[in-house]
Peer 1: 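Below is one structure. I have some questions about it.
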Amino acid sequence: MTWVCALSLCASGQESNEGGTAAVIRALEHQWVDGQSRNDNGALDMIFDNSLVYVEYGKLISKGEYLLRVKAAGPQISQIVMEPMTVRMFGKTAIVVGTYREKVVKGGKPGVMRWRFVDTWVFTKGGWVLVAAGAAPVTPQ
C-alpha cells in the first residue's frame, strides 16, 4: 500500500502547480477505483480521511460503513472505467467532477451502470485525502 502514500506525498512540492496537483488527484481517483474493484480496504483506508462523508442514493455513509460495504460486496463489480474528470483547485482543496461506468452482475445478469460524481480532496500534512464524495446514477435520456 505504500504506493498510495508515495503519490499522496508527491503533491506536497506541487501545491502551487495546479497542473501537477490535478494529475496527482486524478491518480488518486484511479487508485480509489482500483482499490474498490479489488475489495482492497487497506488502500481505501489510506485514501479516505477518517471523517469521510459519502452520499449515494441520498443516503449518508461514513468511512467505516463504506469500507464494510466494499468488504462485504465481493467481486460484484467486474470493471470500473473512469471517464474524463475535471479537477478544480481552491487553495489546499480540490473538487473533482466526473463520470464513470461500472460493469456489474446482479442476479446473475451482467449490466452497465453509469455514475456522475463530485469528490472533495483536502491537502493535509500527510498528503491528499478524500473528505467528501457523492455519486448518483446517470439515467439515460
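Start at 1 with the first residue, then count along the sequence.
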Peer 1: With side chains defined as the heavy atoms from C-beta onward, is the minimum distance between Val129 and Thr124 less than 4.5 Å?
Peer 2: yes
Peer 1: Please evaluate residues Lys71 and Asn39 with respect to the criterion side-chain hydrogen bond (donor to acceptor under 3.5 Å, both in side chains), reporting the C-alpha separation (whole Å), side-chain torsions for both, the decisive distance (0.1 Å), and the verdict.
Peer 2: CA-CA 6 Å; Lys71 184 177 181 180; Asn39 296 84; over 6 Å; no
Peer 1: Taking all heavy atoms of Tyr57 and all of Pro137, pick out the closest pair and write down the distance.
Peer 2: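 For Tyr57 versus Pro137, the nearest heavy atoms are CE2-CG, 3.4 Å.
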Peer 1: Would you compute the distance between atom CG of Asp45 and atom OH of Tyr66 and round it to the nearest 0.5 angstrom?
Peer 2: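 Reported to 0.5 Å precision, the distance equals 13.0 Å.
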Peer 1: Quick check on the hydrophobic clustering: are Met46 and Val131 connected, directly or via other members, by side-chain heavy-atom contacts under 4.5 Å?
Peer 2: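 Different hydrophobic clusters.
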Peer 1: Let me see the working for Leu130 and Asp49 under side chain to side chain contact (heavy atoms under 4.5 Å, CB included), right down to the final yes or no.
Peer 2: CA-CA 6 Å; Leu130 184 70; Asp49 186 72; over 6 Å; no
Peer 1: Answer whether the closest heavy-atom distance between the side chains of Thr93 and Trp121 falls below 4.5 Å.
Peer 2: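 Answer no - side chains too far apart.
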Peer 1: So which heavy atom on Phe117 is nearest to which on Thr99, and how close?
Peer 2: CE2-N, 3.5 Å
Peer 1: Starting at CG of Asp34, measure out to CG of Leu44 and round the result to the nearest 0.5 Å.
Peer 2: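 The CG atom of Leu44 is 9.0 Å from CG of Asp34, to the nearest 0.5 Å.
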Peer 1: What is the distance from atom CE of Met82 to atom CD of Glu29, rounded to the nearest 0.5 Å?
Peer 2: 5.0 Å
Peer 1: So does Ser62 get a backbone contact from the side chain of Glu65, meaning a donor-acceptor N/O pair under 3.5 Å?
Peer 2: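 Indeed, once roles are kept as given, a pair shorter than 3.5 Å links the two residues.
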Peer 1: Looking at every non-hydrogen atom in both residues, tell me the closest pair between Ala94 and Val87 and how far apart they are.
Peer 2: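 Closest approach of Ala94 to Val87: CB-CG1, 4.2 Å.
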Peer 1: Evaluate the criterion side chain to side chain contact (heavy atoms under 4.5 Å, CB included) for residue pair Gln31 and Gln36; output intermediate values, then yes/no.
Peer 2: CA-CA 8 Å; Gln31 288 175 16; Gln36 183 170 329; over 6 Å; no
Peer 1: Give, for atom CG of Leu67 and atom CG of Asn41, the distance between the pair rounded to the nearest 0.5 Å.
Peer 2: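 Spacing of CG (Leu67) from CG (Asn41) equals 4.5 Å.
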Peer 1: Cluster question for you: counting only ILVMFWY and a side-chain heavy-atom cut-off of under 4.5 Å, with indirect links fine, are Val122 and Ile95 together?
Peer 2: no
Peer 1: Got Tyr100 and Val33 here, is their nearest side-chain heavy-atom distance under 4.5 Å?
Peer 2: no
Peer 1: State which residues pass side chain to side chain contact (heavy atoms under 4.5 Å, CB included) with Glu56; sequence neighbours excluded, sorted by chain then number.
Peer 2: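 Glu56 satisfies side chain to side chain contact (heavy atoms under 4.5 Å, CB included) with Tyr54, Ile61, Arg69, Trp115 only.
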Peer 1: Specify the closest pair of heavy atoms between Ala132 and Leu52, including all atoms of both residues, with the distance to one decimal.
Peer 2: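 Looking at all heavy atoms of both residues, the closest pair is N-CD1, 3.8 Å.
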Peer 1: Between Lys63 (side chain only) and Phe48 (backbone N and O only), is there a donor and an acceptor less than 3.5 Å apart?
Peer 2: yes
Peer 1: Between Phe90 and Val118, is there shared hydrophobic-cluster membership here, with clusters defined by ILVMFWY side-chain heavy atoms closer than 4.5 Å?
Peer 2: yes
Peer 1: With Arg88, which residues qualify under salt bridge (Lys or Arg N to Asp or Glu O under 4.0 Å), at least two apart?
Peer 2: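 None.
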Peer 1: In this structure, would Ile25 and Ile80 fall into the same cluster of hydrophobic residues linked by side-chain contacts under 4.5 Å?
Peer 2: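 In one cluster: yes.
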Peer 1: Which pair of heavy atoms, one from Arg26 and one from Met85, lies closest together, and at what distance?
Peer 2: NH2-O, 3.3 Å
Peer 1: Salt-bridged, Arg114 to Glu83, with N to O below 4.0 Å?
Peer 2: yes
Peer 1: Hey, does Thr21 have a side-chain heavy atom less than 4.5 Å from the side chain of Trp128?
Peer 2: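 Of all side-chain heavy-atom pairs linking Thr21 with Trp128, at least one is under 4.5 Å.
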Peer 1: Hey, mind stepping through Arg101 and Met113 against side chain to side chain contact (heavy atoms under 4.5 Å, CB included) and telling me if it holds?
Peer 2: CA-CA 6 Å; Arg101 294 183 320 270; Met113 287 188 69; over 6 Å; no
